[in-house]
Amino acid sequence: MPFVNGEQLERLCAKFPTPFHLYDARGITENARRVNAAFAWNRGYREYFAVKATPTPAIMELLRSEGCGMDCSSLTELMLCEKLGIRGEEIMFSSNDTPAEEFRLAAKLGAIINFDDISHIPFYMEHVGPVPETVCCRYNPGGKFSIANRIMDNPGEAKYGMTHEQIIEAYRMLLAGGARRFGIHAFLASNTTSEAYYPELAAQLFELAVELNRLTGAHIDFINLSGGVGIPYRPGECAPDIAVIGEGVRRRFEDILVPAGMGDVKIYTEMGRFMLAPYGCLVTKVLHLKHIYKDYVGVDASACDLMRPAMYGAYHHITVAGRENAECSHLYDVTGSLCENNDKFATDRMLPEIKIGDTLVIHDTGAHGRAMGYNYNGRLRSAEVLLMPDGSGRLIRRAETPEDYFATLDF
Ligand SMILES: *Cc1c(COP(=O)(O)O)cnc(C)c1O
């Protein structure tokens, strides 16, 4: 079982109706401290938590108290920060295909704006005003991004960022517009557990930083390695060691930036999954057992609470509460109630024998879990509960009600 013991789980289920997402306050805090320690060699290092992964105020506050900033990509994510009193360079605004009103709110809050495209610079000047003094551009090197001949991703097919030529031109435009401090951002692999990813990405961006500085005279203030650091969703997979990753980035920094006289560059990260995924789980109860051509376990959660398996065929480990050590002797599909046959948390999964009323814990749902929820079939999204270090549970988001569902309708 992840982070919660049987007795705590029973108490939580007596208090909060299932399904609910449960988060581990202690785990989140300790992990954030490991991340900060891994990059403590860099003066000015900051993790900007990718709010989209878990846009819940109590979680954002927990990370903020460990020194994290917030990475936003939409109007409502910016509004969440505004409500929490988060402002200025505590916010990174890394959006794409951005509406003018979102740039306006980001500017009003004093967020660091990360331009996804060169055309957004004149768009910003027309709709918002002069470019900010501190500004970032998102880079897309094109082609394929590989580490030791292993292809990690295909930036040439990705909609994000500027080409090499464009980013040089963008810097010149921004300098002419009055920008003084510059950042470079790139996101070239998703959910990778490779400890070589950040160091390889950093090396590319450090070299680009030196080039941009030489060509344009721009002062490079920070390099934003964005997100993408993965977690082991399957048992037996290895978690990346953030200390090893931080050390790998430090070596590239010493090799490339320090000799260029750029040892004052700050490193930023924008992780969502690595900060939260292992510290959340979805707690759900078994409503029905169905035996036709296969054996189905029907639970009270659905893809509306956790879309990753339906959307990407993602694996999430499942534990049957109270039967952690029982033999996995039965083959099941674990399903929700949507009228969609992909509404399955697991397909052909060996599990201990399951009975109606059992509690199932679906692991690693802390990031991109509740956040990707939706209302198909009129399903209402689940609550969120924070497991406090003293073992108690705090409701940090109530479940949706039919009134919420009806609130947008006109009769
Ligand atoms: C999604 C996203 C992140 C976070 O990605 P993870 O894989 O969750 O770490 C960071 N930055 C940007 C711009 C993103 O879109």
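What you see below is based on every heavy atom in this structure, not just the backbone, and it leaves out hydrogens, waters and symmetry mates. Order of appearance sets the numbers: ligands from 1, and atoms from 1 within every ligand. Each residue takes its place number in the sequence, starting with 1. Every value quoted in this text rests on a predicted model; they were computed, and no experiment measured them.
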Within the 4.0 Å heavy-atom shell around Ser94, which atoms of ligand 1 are there? 13 (C)

Of Ala277, Gly272, Ala186, Ala367, the one whose closest heavy atom lies nearest atom 9 (O) of ligand 1 is Gly272

Region of Phe187 engaging ligand 1 - heavy atom pairs below 4.0 Å: side chain

Is Ile91 close to Tyr48 at the side-chain level, that is, under 4.5 Å between some pair of heavy atoms? no

protein heavy-atom neighbour closest to atom 12 (C) of ligand 1 works out as Glu270 OE1, 3.5 Å

Can you run down the ring-ring contact (aromatic ring centres under 6.0 Å, His included) pairs that involve residues 129-153, sequence neighbours left out, and say none if there aren't any? Phe145-Tyr197

Would you say Asp71 touches ligand 1, if touching means a heavy atom closer than 4.0 Å? yes

Is His368 close to ligand 1, meaning an N/O of one under 3.5 Å from an N/O of the other? yes

Taking atom 15 (O) of ligand 1 as the reference point, the nearest protein heavy atom with its distance: Lys52 NZ, 2.6 Å

Does ligand 1 have a heavy atom under 4.0 Å from the side chain of Ala50, from its backbone, from both, or from neither? side chain

Could you check whether Ser337 and Arg379, counting side-chain N and O atoms only, form a donor-acceptor pair closer than 3.5 Å? yes

Taking the side chain from Asp343 and the backbone from Glu340, do they hold a donor-acceptor pair closer than 3.5 Å? no

Test of understanding: given a 4.0 Å heavy-atom threshold, classify the contact between Arg138 and ligand 1 as side chain, backbone, both, or neither. side chain

So, applying ring pair (Phe, Tyr, Trp, His ring centres under 6.0 Å) with Phe222, which one of Phe206, Phe182, Tyr45, Tyr268 is it? Tyr268

Just by distance, no angles: are the side chains of Thr347 and Asp333 close enough, under 3.5 Å, to form a donor-acceptor pair? no

Can you list the ligand 1 atoms lying under 4.0 Å from a non-hydrogen atom of Met271? 9 (O)

Please tell me if the side chains of Asp348 and Lys294 come closer than 4.5 Å, counting only heavy atoms from C-beta onward. yes

Considering only heavy atoms from C-beta outward, does the side chain of Asp358 approach that of Arg323 to under 4.5 Å? yes

Looking only at protein heavy atoms, which one is nearest to atom 7 (O) of ligand 1, and how far off is it? Gly228 N, 3.3 Å

